[in-house]
Amino acid sequence: MKRILLPIFLLLFGFSFLQKANSQIASQDAIDAKVHALLKKMTLDEKVAQLNQLSNPYYQTGAGANSREAQSFDQMIEQGQIGSFLNVLGADETRRLQTIAVEKSRLGIPLIFGYDVIHGFKTMFPIPLAEAASFDRAAMEKSARIAAIEASANGLHWTFAPMVDISRDARWGRIMEGAGEDVYLNEQAAIARVKGFQGNDLAAPNTIAACAKHFAAYGASVAGRDYAAVDISERSLREVIFPPFKAALDAGVATFMSSFNTINGVPASGNKWLLTDILRKEWGFKGFVVSDWNSLGEMLPHGNVETAYDVAETGINAGVDMDMEGRIYINEIKKLLDDKKISIQQIDEMVSRILRVKYQLGLFDHPYQYCDKKKQDELTLHPDHLKASREIARKSLVLLKNDNKVLPLPKKGSTIAVIGPLADDNDSPLGNWRGIAESNSAVSLLDGIRQAVGNDSKVLYAEGCRLVNNSKQHFFSQLEVNNTDRSGFAEAIAIAHQADVVVMALGETAFMSGECRSYADISLKGLQAELLAEIHKTGKPIVLTLFNGRPMVLTDVVDQADALLVCWLPGSEAGHAIADVLFGDYNPSGKLPASFPYHVGQVPIYYEQLNSGRPYDPNPEGFSTKYRDIPNAPLFAFGKGLSYTEFRYDNLQLNKKEITKNESLDISVTITNTGNYDGEEVVQLYIRDIAGKGISRPMMQLKGFEKVFLAKGESKKVNFKITANDLAFWRLDETWAPEAGEFLLMIGSASDDIRLKDQFSYKE
Ligand code: BGC
């Protein structure tokens, strides 16, 4: 029977797959026909309007605020001069503006509303770097899905996310917005997030268009300074920087954003090689490219062009379709056409790409489907969303130290002193890019602990010291770190003496990471280390909970803590999620998505290093690659994260020892939970291409991970597949392909904790 059913199933399945593919092509063709017909009716002014995106003047997310001209917006829309807004939101306001566009402008072309929905809209999820630490694809997708549900119910059609910039420099404040240092992890996060935001159908009322940003290499700025130049080889671009963008594209991302930085002297927003040769011609991207906030205009200070007229010519010829808040295209296009510097065909193509996305979103058929006040009220901050936020937050926490098994803490019968400037902070956990979250709306660590223990334990609290003097902080504020006021120390020391255990909350506030938040010193700021040292003197066990938007340098303080839990900026449910881990209701499972340096002088630091001709040798006399004053290794390596239980790795099996182009290698390993708690392990698979043909290859590269749950005592077989594509790289002959030869396979619990190894070869 089975023998008959299987072919029938395959036939039906194949048929429905083909049907779906055909209907997608048909609907694309139908959209193209509509775009074509509409384009024919449009005047040049109406076309240019589609290329023009303006910000809500009362809510700016970039520099060089423009005149506050909200009143004239209505008129501009009516006259068909604006195609898109950013930072305008809410069902009522977007409906009002959309009504003008659809009902009063000559052709009724709907507006597209974009916004930075980075890690939640009103229900805040952990910052993206933290979510990457979950190594949980489904969790990342779910967080983006919920963000899209809330955003789309609030009038939005488009998010400027995911940020897929790889960064290996923790000084760069925007490292918080991506998935860290690794190529594969960034690819996986990009795919999950694009799927989450866009769902299966962009026209559905609860999905929004995503935007892969910032194309490209924004996270590789010199010395970690935001907006600074990038000097990078084509090899690094292709092997490290591009892959997450390509993964987002393959996952169907609707739009791209060009970045602020120069790449080898050419601004990304005026870079034809990048935006046309690679993105459109090599990769076949069909969506549209938006500039970053006035990144076209910023070519003037970059100095690669002389006038706004040149900027527009360079941007258009490079491949930027929409000008975000730069007002360059709207002023210069006519003259450029008159002077034949650009052609009307180019403009038509740019407009078509934007209109196509508007059609895909269903905006022409249902322009008001995203602005439904009832849905907005029902869905925003929905209790299910908060529940999901808590679940994802606890998966994102990374336990890096747990001496004497101080964690998990008992809920009953103890006295817990909660100390530190971030302990009672219900604002910082929301992070910097916080959508429309209310200030101070997160659950603080202190509240989380209090609610978790109820009356069963005694909770004492002291701030110890302030971290910053600013009573209110926001996106643009310059933070004044407290370096002098120790008046709270005595109280903190006193409560530590009364306690069985001290939970300290140190690190960074929400506005110490994010855009324009680069720091040269990434250790604990202000008086925090001093406070920790004073509490350490009490001899009480200390659990350090770290709030951070970046990997930090903890070398001088880590010995003073018995346990170290990296909490990042974990979102609305922060305190509950952290308490879940502290008291063992959830066994920590996060792993570091970026190395924590031993010293800031090691930065940029990442595990995916090439070997040296003089490899590291601990012998201080030798001529080997090393520092004279510090180790080479980070304090905590990529992929590291402890659990309350232990996992044994054994029985590594490969189904063959050699693969060729169209074959795959099946790998399995058995993981056993040998400890006393149920828990999840992130099993990591790395490879090394042992000898290239002319090119040195990194000593290890992550090529797979699986997060598995194991009850205590349980064993499970974990499977991986390696194909030729996983072995490919940018070869000397400038093709993307693997080279024949031997590969080392490494399976482990962290990049510096490899448990099992084997070898296989690839044959061309
Ligand atoms: C940021 C982008 C953001 C844009 C719009 C810029 O300053 O670099 O990431 O999407 O503003 O808010």
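For ligands, and for the atoms within them, numbers begin at 1 and follow the listed sequence. Numbering starts at 1 and runs along the sequence shown.
At a heavy-atom cutoff of 4.0 Å, ligand 1 is contacted by no atom of Glu325, backbone or side chain. Contact annotation for Lys213 and ligand 1: only side-chain heavy atoms (C-beta onward) come within less than 4.0 Å of the ligand. The residue Asn87 has no part lying near ligand 1, judged by heavy-atom distances below 4.0 Å.
Ionic pairing of Arg353 and Glu349 is present here: one or more N-O contacts between side-chain nitrogen and carboxylate oxygen are shorter than 4.0 angstrom. Between Lys395 and Glu131 there is no salt bridge, since no side-chain N of the basic residue sits under 4.0 Å from a carboxylate O of the acidic one. Look at Lys122 and Glu438 and you find a salt bridge, because one of the NZ, NE, NH1 or NH2 atoms lies within 4.0 Å of a carboxylate O, short of that distance. Electrostatic pairing of Arg550 and Glu508 counts as a salt bridge here, judged by a charged N lying under 4.0 Å from a carboxylate O. Between Arg171 and Asp521 no salt bridge is recorded (no basic side-chain N to carboxylate O distance below 4.0 Å).
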Can you list, pair by pair, the side-chain donor-acceptor contacts under 3.5 Å of residues 282-291, counting residues two or more places apart and other chains?
{"unit_1": "Glu282", "atom_1": "OE1", "unit_2": "Arg238", "atom_2": "NH2", "d": "3.2"}
{"unit_1": "Glu282", "atom_1": "OE2", "unit_2": "Arg238", "atom_2": "NH1", "d": "2.8"}
{"unit_1": "Ser291", "atom_1": "OG", "unit_2": "Met324", "atom_2": "N", "d": "2.9"}

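Within the 4.0 Å heavy-atom cutoff, Met163 does not count among the residues contacting ligand 1. Note on ligand 1: Phe260 sits in its first shell, one or more heavy atoms being nearer than 4.0 Å.
If you check each of Asp116, Asp226, Leu86, Ile118 against atom 12 (O) of ligand 1, the one with the closest non-hydrogen atom is Asp116. The nearest non-hydrogen atom to atom 9 (O) of ligand 1, considering only His214, Glu515, Glu177, Gln53, comes from His214.
The atoms of ligand 1 that sit less than 4.0 Å from any heavy atom of Phe160 are 10 (O).
At least one N or O atom of Arg174 sits closer than 3.5 Å to an N or O atom of ligand 1. Considering backbone and side-chain atoms together, Asp292 places an N or O closer than 3.5 Å to an N or O of ligand 1.
Here the straight-line distance linking atom OH of Tyr370 with atom CG of Asn206 works out to 8.5 Å at 0.5 Å rounding.
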